[in-house]
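Keep in mind the model is a prediction, meaning the values are calculated, not measured.
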Amino acid sequence: KPRYLMGVGYQMELVVCSALGCDMYDCVFPTRTARFGSALVRTGQLQLKSKNFAEDMSPIDKDCSCMTCKKYSRAYLHFLLNEDTTGVILLTIHNIAFQLRLMGDIRNAIKENKFPDFIRNYFLILLPNKNYPQWAIDALESVRV
C-alpha cells in the first residue's frame, strides 16, 4: 500500500522519510525555493541571487542533465533572478529535476538492497562535518539504519 506524505521536500527529509516507508511526496519546496533564488544541489542549496555567482560561468550542477544546467550558467541565472521572472522558471525546472533524480537514486538503492549505504553516503555529502540533526538519527535508528 503506498504511503503518501504531504509537505516534505528538503532532501534530508526525503531520504529519511523514504527509509521510514514513505513513497509519495507532495511539496511546494522546489518551486518556492526557486522563487527565492535557491538552487538545490547535493551539498544543500546555492543562493544564486548572491553576488558570488555574478561571474560564475559553470552550470548549477555539472552532473545534472536538466535543460537549465545544459544551457545556462550560474552567472546568467544570477542576472535573471535579479532582473526577470524567467530565472525563477529556469530554477524551478532544475529544482524539480534535482528532486526527481534524488528520488530515482533512492528507488535504485532500495531495489539494489543498498539503501543503508546510500543514506550514509548521502549524509556525508550533505553534512561532511557529520553534524546530523538528532531527529534524523532517531528516525533512522528506529528502522535500524
Side-chain angles (χ1 to χ4, degrees), residues 1-133 135-137 139-140 143 145:
K1 179 177 177 180
R3 292 189 182 106
Y4 169 75
L5 185 57
M6 186 172 166
V8 168
Y10 289 95
Q11 55 188 305
M12 181 180 293
E13 293 173 346
L14 292 171
V15 172
V16 171
C17 291
S18 294
L20 295 174
C22 296
D23 43 27
M24 288 190 300
Y25 301 91
D26 180 10
C27 188
V28 300
F29 181 69
T31 54
R32 184 186 61 223
T33 301
R35 286 195 308 270
F36 293 112
S38 296
L40 303 178
V41 293
R42 286 277 195 192
T43 56
Q45 297 180 33
L46 300 177
Q47 303 301 326
L48 293 180
K49 281 188 173 182
S50 167
K51 64 182 176 182
N52 297 342
F53 296 102
E55 296 181 20
D56 188 340
M57 298 309 292
S58 58
I60 295 170
D61 180 349
K62 65 178 178 51
D63 297 322
C64 182
S65 62
C66 80
M67 179 202 74
T68 302
C69 287
K70 284 182 176 179
K71 295 185 177 189
Y72 304 103
S73 69
R74 293 174 178 183
Y76 185 61
L77 292 166
H78 165 82
F79 167 77
L80 287 177
L81 288 163
N82 285 297
E83 300 293 329
D84 187 274
T85 58
T86 306
V88 173
I89 295 166
L90 294 171
L91 204 46
T92 295
I93 290 168
H94 166 77
N95 285 351
I96 291 172
F98 172 84
Q99 287 199 319
L100 286 170
R101 192 170 65 252
L102 172 59
M103 295 310 297
D105 292 346
I106 290 170
R107 184 174 42 256
N108 289 337
I110 291 169
K111 284 181 179 178
E112 296 169 5
N113 291 316
K114 296 179 181 179
F115 193 46
D117 290 333
F118 173 86
I119 294 169
R120 281 187 279 280
N121 292 333
Y122 201 87
F123 270 51
L124 285 173
I125 292 168
L126 190 59
L127 297 166
N129 62 2
K130 297 185 180 181
N131 189 19
Y132 308 134
W135 70 264
I137 293 168
L140 293 170
V143 290
V145 175

Side-chain contact test, heavy atoms from C-beta onward, threshold under 4.5 Å: evaluate it for [X] versus [Y] and give yes or no.
{"X": "C27", "Y": "E13", "answer": "no"}
{"X": "F115", "Y": "V145", "answer": "no"}
{"X": "L91", "Y": "I60", "answer": "yes"}
{"X": "L90", "Y": "M67", "answer": "yes"}
{"X": "L126", "Y": "T43", "answer": "no"}
{"X": "Y132", "Y": "L124", "answer": "yes"}
{"X": "F53", "Y": "L77", "answer": "no"}
{"X": "Q11", "Y": "F29", "answer": "no"}

Using every non-hydrogen atom in the two residues, find where [X] and [Y] come nearest and quote the distance to one decimal.
{"X": "R35", "Y": "K49", "answer": "O-NZ, 4.0 Å"}
{"X": "A19", "Y": "I119", "answer": "CB-CD1, 3.9 Å"}
{"X": "A75", "Y": "A54", "answer": "CB-O, 3.2 Å"}

Parallel under 30°, tilted from 30 to 60°, perpendicular over 60°: which one fits the rings of H94 and F98?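 Answer is tilted, since the angle falls between 30° and 60°.
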Nearest 0.5 angstrom please: [X] [atom1] to [Y] [atom2], how far?
{"X": "Q99", "Y": "L40", "atom1": "CD", "atom2": "CG", "answer": "6.0 Å"}
{"X": "M57", "Y": "R74", "atom1": "CE", "atom2": "CZ", "answer": "12.0 Å"}
{"X": "D105", "Y": "I110", "atom1": "CG", "atom2": "CD1", "answer": "11.0 Å"}
{"X": "T31", "Y": "F36", "atom1": "OG1", "atom2": "CZ", "answer": "10.5 Å"}

Going through the checks in order, is the side-chain contact (heavy atoms from CB on, under 4.5 Å) test met by V16 and F123? CA-CA 10 Å; V16 171; F123 270 51; 3.7 Å; yes
Among L5, L14, V8, which residue meets the side-chain contact (heavy atoms from CB on, under 4.5 Å) test with C22?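 Single side-chain contact (heavy atoms from CB on, under 4.5 Å) partner of C22 among L5, L14, V8: L5.
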Within residues 61-73 or reaching into it, pairs that qualify as side chain to side chain donor-acceptor pair (under 3.5 Å) - sequence neighbours excluded: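 Only D61-R101 qualify under side chain to side chain donor-acceptor pair (under 3.5 Å).
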Surrounding CD of E112 (heavy atoms of other residues, nucleotides or ligands, distance under 6.0 Å), is the total greater than 12?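 Atom CD in E112 is crowded, with more than 12 foreign heavy atoms closer than 6.0 Å.
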Around R120, counting heavy atoms of other residues, nucleotides and ligands shown, do more than 12 lie under 6.0 Å from its CZ?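 Yes, enclosed.
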Is a donor on one side and an acceptor on the other found under 3.5 Å between the side chain of [X] and the backbone of [Y]?
{"X": "Y122", "Y": "L102", "value": "no"}
{"X": "N95", "Y": "S38", "value": "yes"}
{"X": "N82", "Y": "H78", "value": "yes"}

